[in-house]
Q: 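One structure is given below, represented as structure tokens, and several questions about it will come after.
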Amino acid sequence: MTDIATRGTRVVATTGGRSRHNGGGPRAGTIIAFLIPFFLPFVLFYLVPIAYAIGQSFLVVRRTGGQYGTSYTTFGGFDQYVQVFQNTEFWNSIGRIGLFGIVQVPVMLFVALIMALLLDTPLLKLKAFFRIAAFMPYAVPGVIAAIMWSFLYSPQLSPVVDVLKAIGLQPDFLGPGAVLWSAANVSTWLWTGYNMLIMFSALQAIPQELYEAAKLDGASNWAIAWKIKVPIIAPSIILTTVFSIIGTLQLYGEPAVLRQISSNISSTFTPNMLAYAVASGNNYQQAAAISVVIAVVTFVLSFGFMRLTSKRAGL
Amino acid sequence: MSNQTPIRESRVSRTAVMALMFLLAIYFLLPIYFLIVAATKPQGDLASTFGLAFSHFDLFKNLGTLFSRSDGIFGRWALNSVIYAVLGAAVGTLISALCGYALAKFKFRGREFLFSVILGGVLVPTTALALPLFLLFSATGIVNTYLAVFLPSIVSPFGVYLARIFTAAAVPEEILESARLDGAGEFRTFFSVALKLLTPSLVTIFLFQFVGIWNNFFLPMVMLQKESLFPITLGLYEWNGQTARVSLLQESVITGALISIVPVIIVFILLQRFWRTGLASGSIK
């Protein structure tokens, strides 16, 4: 099994593309002319802001002579980071988003995987319809999706609440305990189909002959799915997990919309909302430190996850 | 297309699978169906009638209200979204294609290093860039202009990654060699030979970037104060926060939300195959 998987990755590695026999190749100036239209904005709008944020995060604003003195900015070492880690709001937001991610990401990816596997079996009819239905939410901007769902959560407007009440339930989607999961549902709704299609495309790329032998041995569809298909598409599952981790740590728009209708979402509900709230209070250095911490956590988690799983899967 | 197996699946499992998929399809389509129904109702019926059943058909009146509200600001937002997304994705696709092509076809020192920097860029949370960008842009006076949203939007490391693997797969070395032997320069070769072979891939890259910009919310929120520069997402977000104070605004938020997703859904369904190539190549990494 690992053999097949490694072969899959090796094929891609060789398509990485290198030109042999092109007699010296184009001049350096030409190569630069091809690269510069992307790299100039990439440096200006990606790398410079990263460097700037890191630089800012090591500055502090101090005042001379008490509260009415003039303020000046100076090097503060890790002061801003110490403040971040001493901030209970920061840990609360991390805790919320951690809980959110630990539950929402596996649930979403599990549903996506089941759908992809079912779309890949002969058991199912109307495949095109199911595929489009699942992928459609990807066309909806996150903020708009949150607005749509907030109508479905609203006690006044929601047909879902009406139905649940009719069967004797008292749902409160915006209550203090539930609102985190209502936000998680918006993310699940938005991204399940996208992740499903990534996995489904990987399944479609598996040559059918691989299953023939297993079938001759009398393996059930179930066994083929879990013992052959899932291990082969492991790289896609890892990729979708990494994208989901990155997305979760960046959450802003969806909870911000729910905040408009629920008092149970604070202005510092997610780390990103906290960074924005701090920046709005003109404490840019502190906001920069929070942004850097979020980015570092994202990197560590996504790289860590890739290392861990690729070793385990022997990729 | 798939396996005609001799293994007979029981009718029960077939039915169970279909039922499960139908439930999931309902879950995915329900909010969109609700939005369509709600957009046809007068504001008064939103709370007083069942959300999934049509009542008065007031869609055209609602559209009229939507587009005339605050001197037609919604039309402006829609136009802004189109400008940011279409122009941004077009420029972004071109520069990604140039860069990905060069990374795939030219040999030079530091190539793999540049490519890993770009791959690292794929993992950078873009919201973490928005605040420092705001500070840099306010220092240069770009803040609160079209450029403040447009310029960062053209950069798509994922687009370069796609362009590189698509070029490696779709542009054979021999064709480039013969163009060069005919005396074509590298740019001529790229624009007259490679671009044609790459067209389907470029559509894929364009679509991903288009949706990314169309859906973007955090960057415009940080950069823009002037309402006339807002994209739809930011405009509707602002309106949604005022529904309690402004009468009939809720109905406009609903109708506006519907208007903002319909064009993209249509483009999606028409261009399905491009999505699948993109997602497939994303998954082989």
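The analysis underlying the following values was restricted to heavy atoms, covering all of them including side chains, and did not include hydrogens, waters or symmetry mates.
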Q: May I ask you to test the Leu123(B)-Thr298(A) pair for a side-chain heavy-atom distance under 4.5 Å?
A: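 A side-chain contact is absent here, since even the closest heavy-atom pair is not under 4.5 Å.
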Q: At a heavy-atom separation under 4.5 Å, does Leu190(A) approach chain B through its side chain, its backbone, both, or neither?
A: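 Neither part.
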Q: Passes side chain to side chain contact (heavy atoms under 4.5 Å, CB included), Asn215(B) versus Tyr138(A)? Steps please.
A: CA-CA 9 Å; Asn215(B) 293 359; Tyr138(A) 180 63; 5.5 Å; no
Q: Check whether Ile31(A) gets within reach of chain B through its side chain, its backbone, both or neither, counting any heavy atom under 4.5 Å.
A: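 Both parts, backbone and side chain.
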Q: Go through Ile26(B), Ile32(B), Ile154(B) and name the one with the most non-hydrogen pairs under 4.5 angstrom from chain A.
A: Ile32(B)
Q: Just how far is it from atom CD1 of Ile261(B) to atom CE of Met136(A), taken to the nearest 0.5 Å?
A: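 So the CD1 of Ile261(B) and the CE of Met136(A) are separated by 9.0 Å.
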Q: Contact between Leu249(A) and Pro125(B) at the side-chain level, heavy atoms closer than 4.5 Å - yes or no?
A: no
Q: Can you list the steps and then say if Met18(B) with Leu126(A) is a side chain to side chain contact (heavy atoms under 4.5 Å, CB included)?
A: CA-CA 9 Å; Met18(B) 283 301 274; Leu126(A) 297 172; 4.1 Å; yes
Q: Return the option, out of Met21(B), Gln250(B), Met221(B), Glu186(B), with the maximum number of heavy-atom pairs under 4.5 Å with chain A.
A: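 Maximum pair count with chain A is reached by Met21(B).
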Q: Angle class for the Phe22(B)/Phe130(A) ring planes (parallel below 30°, perpendicular above 60°, tilted otherwise)?
A: perpendicular
Q: Given side chains that start at C-beta, do those of Phe217(B) and Pro141(A) come closer than 4.5 Å, heavy atoms only?
A: no
Q: Can you tell me which portion of Trp149(A) sits under 4.5 Å from chain B's heavy atoms? Options are side chain, backbone, both or neither.
A: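 Contact with chain B involves the side chain of Trp149(A) alone.
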Q: If you round to the nearest 0.5 Å, how far is CZ of Phe38(A) from OG of Ser96(B)?
A: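 Answer for the OG-CZ pair, Ser96(B) versus Phe38(A), is 6.0 Å.
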Q: Atom OG1 in Thr30(A), atom CZ in Phe190(B): separation rounded to 0.5 Å?
A: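 Reported to 0.5 Å precision, the distance equals 14.0 Å.
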Q: Let me know if Ile261(A) has heavy atoms under 4.5 Å from chain B in its side chain, its backbone, both or neither.
A: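 Ile261(A) has no heavy atom closer than 4.5 Å to chain B.
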Q: Tell me, for Asn195(A) versus chain B, whether the close heavy atoms (under 4.5 Å) come from the side chain, the backbone, both or neither.
A: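 Asn195(A) has no heavy atom closer than 4.5 Å to chain B.
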Q: For the OG1 atom of Thr140(B) and the CG atom of Leu44(A), what is their distance to the nearest 0.5 Å?
A: 10.0 Å
Q: Once rounded to the nearest 0.5 Å, what's the spacing between atom CG of Leu219(B) and atom CZ of Phe45(A)?
A: 10.5 Å
Q: With a 4.5 Å heavy-atom cut-off, do Pro37(A) and Val91(B) have their side chains touching?
A: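 Side-chain contact under 4.5 Å: no.
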Q: Which one, Gly51(B), Ala38(B), Ala53(B), Pro132(B), leads in non-hydrogen pairs under 4.5 Å with chain A?
A: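 Sorted descending by pairs with chain A, the first entry is Pro132(B).
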Q: If we only count heavy atoms from C-beta on, is the Phe106(B) to Leu35(A) side-chain gap below 4.5 Å?
A: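 In short, these two side chains do not touch, never coming nearer than 4.5 Å.
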Q: Could you tell me if Thr127(B) and Gln250(A) have a donor-acceptor pair between their side chains, going purely by distance under 3.5 Å?
A: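 A donor-acceptor contact under 3.5 Å links the two side chains.
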Q: Under 4.5 Å heavy-atom distance to chain B, tell me which part of Ala256(A) shows up: side chain, backbone, both or neither.
A: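 Both parts, backbone and side chain.
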Q: What part of Val253(B) lies closer than 4.5 angstrom to a heavy atom of chain A: side chain, backbone, both or neither?
A: side chain
Q: Please list all pairs passing the side-chain hydrogen bond (donor to acceptor under 3.5 Å, both in side chains) test where one or both residues lie in residues 31-45 of chain A, with sequence neighbours left out.
A: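 Of all non-adjacent pairs touching residues 31-45 of chain A, none passes side-chain hydrogen bond (donor to acceptor under 3.5 Å, both in side chains).
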Q: Could you grab the distance from atom CG of Leu152(A) to atom CG of Leu52(B), nearest 0.5 Å is fine?
A: 8.0 Å
Q: Is the distance between the ring centroids of Phe135(A) and Phe28(B) less than 6.0 Å?
A: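 Not under 6.0 Å, so no.
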Q: Taking side chain to side chain donor-acceptor pair (under 3.5 Å) as the definition, give me every residue that meets it alongside Asn240(B), ordered by chain and number, with sequence neighbours left out.
A: Gln260(A)
Q: Are side-chain heavy atoms of Thr126(B) and Tyr46(A) found at a separation under 4.5 Å?
A: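 A side-chain contact exists here, since the closest heavy-atom pair is under 4.5 Å.
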Q: Can you find a heavy atom in the side chain of Pro41(A) that is under 4.5 Å from one in the side chain of Ile95(B)?
A: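 Yes, their side chains come closer than 4.5 Å.
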Q: Sort Ala288(A) into side chain, backbone, both or neither according to what part of it lies under 4.5 angstrom from a heavy atom of chain B.
A: neither
Q: Anything under 30° is parallel, anything over 60° is perpendicular, the rest tilted; go ahead and classify Phe134(B) against Tyr284(A).
A: tilted
Q: Compare all side-chain heavy atoms of Cys99(B) with those of Phe39(A) and state whether any distance is below 4.5 angstrom.
A: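 In short, these two side chains touch, coming nearer than 4.5 Å.
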